[in-house]
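Working notes for the structure below.
Atoms considered below: every heavy atom in the structure, side chains included; atoms not considered: hydrogens, waters and symmetry mates. Just so it is clear: chains get the letters A, B, ... in the order the sequence lines come, proteins before strands, and each one is counted from 1.
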Amino acid sequence: MELITTPDELRAAIAELAAETFIGFDTETTGLDPHRSQLRLLQFASRNQSYILDLFHFPPDALQPVLDLLAASQPIKVAHNAKFDAEFLRKHHGIRLGMVFDTYLASLLISAGNESDRHGLEPVAARYLNVEMDKSFQVSDWSGQLTESQLEYAARDAQILLPLREKLQEKLDELELMQVAKLEFDCVNAMAGMELAGIYLDADCWRAQVAQTKAAYDQAAAKLQKELSAGAPQMSLFEEATSSINLDSPTQIREALGRLGIKVESTSEWRLHNLAREHPVIALLLDYRGLSKSLSAYGLSLLDHINPVTGRIHASFRQIGSPTGRMGCTSPSLHQIPHEKHYRQCFRAPAGRKLVVADFSQIEMRILAEMSNDEALLAAFNSGEDLHRATAANMLNVPLEEVTTEQRSKAKGLNYGIIYGMGAEGLANRISVSTTEAEGLIQRYFAAYPGVARWLQNAADTAVRERRSRTMLGRLWAFSFDPTDRQQLGALKRVGKNAPIQGTGSDLFKRAVKAVDDRLQGQDAQIVHCIHDEIVVECDEVIAEKIARLVSSTMIKAGKEFLPRIPVEVDAKVTDAWLK
DNA sequence: TAGAATCGCCAC
DNA sequence: AAACGTGGCGATTCTA
């Protein structure tokens with residue numbers, strides 16, 4: 001291990017590192033938030049030497065060679081969760097990390113959805129190299145005088161990455177995951193940029209929204225409490241004041257309903273929904289639940305996530321958030337903000353700026369058409385007609401213009417349900433028809449789209465036979481369902497149908513995210529949010545229309561790579577707030 | 001009593 | 001007494 005303390009030593013180290021194909025790269029920082037913490041150490045490893053650069057004791061104006069090395073596409077930087085390091089480099093030194101091999105993402109891909117595998121550097125090194133690493137220094141104080149053992153720890157982290165990459169590369173090749181790995185590695189910079197930028201939330205707007213909800217909630221709670229207590233035994237005023245029903249407790253609600261003569265097995269929404277018309281108290285309960293959810297999940301606590309330095313919300317994105325490759329988002333989960341206007345209008349563009357909200361239209365149905373090669377479905381998309389209307393026409397063998405609103409709505413339910421492996425009962429529930437009618441509809445659907453029927457059957461069979469599935473780019477999900485268990489077999493078939501579609505959607509979307517992020521370089525525009533098939537960009541208002549066209553065309557081009565036989569449509573809007 | 005498990009519900 | 005997929009999160013209830 002060599003501690004670099006002078007520009008001369010740095011030049012020599014860079015010369016050696018630059019000659020490599022791969023170098024290990026890691027950083028130590030004084031904290032986890034790039035906006036509030038400092039970069040302390042940069043650690044590099046070549047095949048035979050490791051270097052540490054202490055940024056607290058090195059002239060800042062002599063750093064350029066190392067920044068150039070990091071920004072260059074060669075050598076490839078091997079890092080564990082490179083997004084983290086990339087954010088600090090972008091924030092404090094204004095550079096984008098060049099080509100990376102991310103051992104964290106590689107490990108996730110190789111695990112193929114196995115939830116028991118952990119993916120920190122320590123467990124990954126243990127799993128693939130049989131090396132025991134002591135990570136206890138990770139949380140040590142990296143802001144003061146560093147001890148020799150801290151430096152050794154730091155160097156070791158970078159050193160292990162090269163042998164780890166070799167092993168992971170072997171596995172990726174073996175499992176034919178290199179294409180999807182490349183896709184993921186290429187997406188790291190876009191993810192880093194998005195997290196670092198964050199999204200602006202108008203706090204006053206949000207507070208007003210919460211206050212309004214709170215008032216409605218109080219009213220609904222009081223009314224519901226009164227109605228539910230009607231069946232309770234007579235109580236003194238004191239008892240009434242102290243022993244009220246906990247409206248958030250399914251158990252207590254069930255008991256209270258029972259006293260009113262309404263017997264229910266469970267108080268879940270789908271079960272209560274049909275009873276709401278018959279019993280006003282149930283409608284009241286559902287109303288209360290909506291407001292309660294709104295206050296707890298989308299209440300003032302969201303404001304706690306506003307970063308004091310930037311004034312914006314920097315959610316944590318997980319690039320591979322599920323076995324299908326969809327991203328995950330936490331702290332807060334910006335993926336589950338309701339789309340009612342009073343919530344989303346608070347996510348805004350600051351003064352002088354605009355948001356471009358762009359999403360792929362019906363992308364999973366298009367993927368189904370492409371993968372299944374179903375002639376009628378392909379034709380439906382290529383005709384440019386409304387998909388659900390065309391589906392209804394195909395199912396009922398009637399001309400397009402004769403399709404009624406109700407028929408279209410049922411066809412829509414089928415189109416969405418089918419990609420989740422839905423059965424007759426599920427469909428019946430969803431579009432409010434009898435199970436018999438639902439069975440008939442599904443039969444008609446498969447008669448209209450026989451290629452889809454064949455593809456779905458094959459996907460389910462393959463899932464049961466091989467207990468795994470792949471996307472167009474080869475992303476793998478090894479299922480842990482037990483096919484001898486009846487229920488799990490059902491789930492296995494449904495996931496077998498859905499995973500290739502949803503997963504290919506992820507592949508396609510990530511290609512788009514990377515491409516859009518690349519195209520926005522050098523412009524006053526930045527991706528600030530991603531939700532499965534939607535990209536939100538914040539930019540200077542003067543260039544917003546141009547950016548919208550750029551984002552849209554870039555997304556379509558990325559989509560076309562996956563869907564050569566189907567038109568790809570993107571709805572892109574320039575707005576002041578996160579609204580469509 | 002703290003953490004795990006479950007319920008219920010938001011997104012795509 | 002559900003079973004159309006993927007997730008996260010807050011409140012309640014269970015468990016040791």
Side-chain angles (χ1 to χ4, degrees), chain A residues 113 115 245-254 263-274 285-286 288-299 301-302 305 315-318 320-340 343-344 359-365 367-368 413-431 435 438 442 456 459-460 463 469 471 475 477 479 481 486-506 509 529-535 578 580:
Chain A
E115 283 174 2
I245 298 159
N246 180 344
L247 302 178
D248 296 321
S249 159
T251 320
Q252 293 185 34
I253 288 285
R254 211 170 72 107
K263 306 278 182 229
V264 283
E265 297 289 337
S266 125
T267 65
S268 53
E269 204 275 341
W270 71 272
R271 208 180 277 275
L272 292 179
H273 200 78
N274 297 329
L285 171 63
L286 293 176
Y288 165 82
R289 282 214 180 136
L291 292 161
S292 167
K293 167 79 180 175
S294 179
L295 270 187
S296 61
Y298 317 110
S301 59
L302 189 70
H305 288 101
S316 300
F317 284 86
R318 276 181 310 147
I320 300 176
S322 83
T324 59
R326 296 224 301 206
M327 294 172 190
C329 178
T330 58
S331 322
S333 172
L334 296 180
H335 279 174
Q336 55 188 131
I337 302 294
H339 47 226
E340 281 110 304
Y343 298 104
R344 294 211 173 180
D359 70 321
F360 284 109
S361 160
Q362 293 163 335
I363 196 65
E364 291 190 340
M365 279 306 295
I367 289 168
L368 174 63
L414 269 160
N415 275 328
Y416 279 110
I418 221 75
I419 49 187
Y420 300 141
M422 185 171 62
E425 277 180 37
L427 178 67
N429 217 318
R430 185 174 181 93
I431 63 174
T435 307
I442 291 175
L456 287 170
S469 79
T471 65
R475 187 189 303 276
W477 184 355
F479 303 122
F481 298 104
R486 221 178 74 84
Q487 277 201 333
Q488 290 193 51
L489 178 65
L492 178 57
K493 287 178 180 172
R494 289 191 297 275
V495 178
K497 292 171 188 171
N498 177 257
I501 303 171
Q502 189 182 119
T504 300
S506 308
F509 184 65
H529 195 23
C530 284
I531 321 107
H532 309 313
D533 63 355
E534 173 181 327
I535 298 177
W578 181 21
K580 283 181 202 167

Using side chain to side chain contact (heavy atoms under 4.5 Å, CB included), reason through A:Y416 and A:E364 one step at a time and then give a plain yes or no. CA-CA 9 Å; A:Y416 279 110; A:E364 291 190 340; over 6 Å; no
Where A:S506 and A:G325 come nearest, the two heavy atoms and their spacing: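 Distance-wise, the nearest heavy atoms are OG-C, 3.4 Å.
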Where A:L334 and A:W578 come nearest, the two heavy atoms and their spacing: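 Closest approach of A:L334 to A:W578: O-CH2, 3.6 Å.
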Between protein and nucleotides 9-11 of chain C, what N or O pairs are separated by less than 3.5 Å?
{"unit_1": "C:dC9", "atom_1": "OP1", "unit_2": "A:S331", "atom_2": "N", "d": "3.0"}

Students often get this wrong, so: under 4.0 angstrom with heavy atoms, is [X] touching a base, only sugar-phosphate, or nothing?
X	answer
A:G290	nothing
A:I337	sugar-phosphate
A:R486	nothing

Quote, to the nearest angstrom, the P distance that separates B:dA5 from C:dC4.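 My reading of the P atoms in B:dA5 and C:dC4 gives 26 Å.
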Going by number, which of residues 488-501 of chain A have a non-hydrogen atom under 4.0 Å from DNA chain C?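 Hits under 4.0 Å, by residue number: A:R494, A:V495, A:N498.
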Would you say B:dC9 has OP1 or OP2 under 4.0 Å from some side-chain N or O of A:R289?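 A:R289 to B:dC9 OP1/OP2: side-chain N or O found under 4.0 Å.
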Would you please confirm or rule out a distance under 4.0 Å between OP1 or OP2 of B:dC12 and any side-chain N or O of A:H339?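 Answer yes for this pair, as a side-chain N or O of A:H339 is under 4.0 Å from OP1 or OP2.
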From the options C:dC4, B:dC12, C:dT6, select the nucleotide whose nearest atom is closest to the side chain of A:Q502.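 For the A:Q502 side chain, the nearest candidate turns out to be C:dT6.
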Taking the side chain of A:Y298 as heavy atoms from C-beta outward, which of C:dG5, B:dC10, C:dT6 is closest to it?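 So the nucleotide nearest the side chain must be B:dC10.
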To the nearest Å, give me how far apart OH (A:Y288) and P (B:dC7) are.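 The answer, rounded to whole Å, is 19 Å.
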In whole angstroms, how far is the C1' atom of B:dC10 from the CD1 atom of A:I531?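 In whole Å, B:dC10 C1' lies 13 Å from A:I531 CD1.
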Which word best sums up how the rings of A:F509 and A:F360 line up, parallel for under 30°, tilted for 30 to 60°, or perpendicular for over 60°?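 A:F509 vs A:F360 ring planes: perpendicular.
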Do any side-chain atoms of residues 492-501 of chain A form donor-acceptor pairs under 3.5 angstrom with protein atoms, and if so which ones, sequence neighbours left out?
{"unit_1": "A:N498", "atom_1": "OD1", "unit_2": "A:Q502", "atom_2": "NE2", "d": "3.1"}
{"unit_1": "A:N498", "atom_1": "ND2", "unit_2": "A:I419", "atom_2": "O", "d": "2.7"}

Flag side-chain contact, heavy atom, 4.5 Å: A:P323 against A:F479: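 A side-chain contact is absent here, since even the closest heavy-atom pair is not under 4.5 Å.
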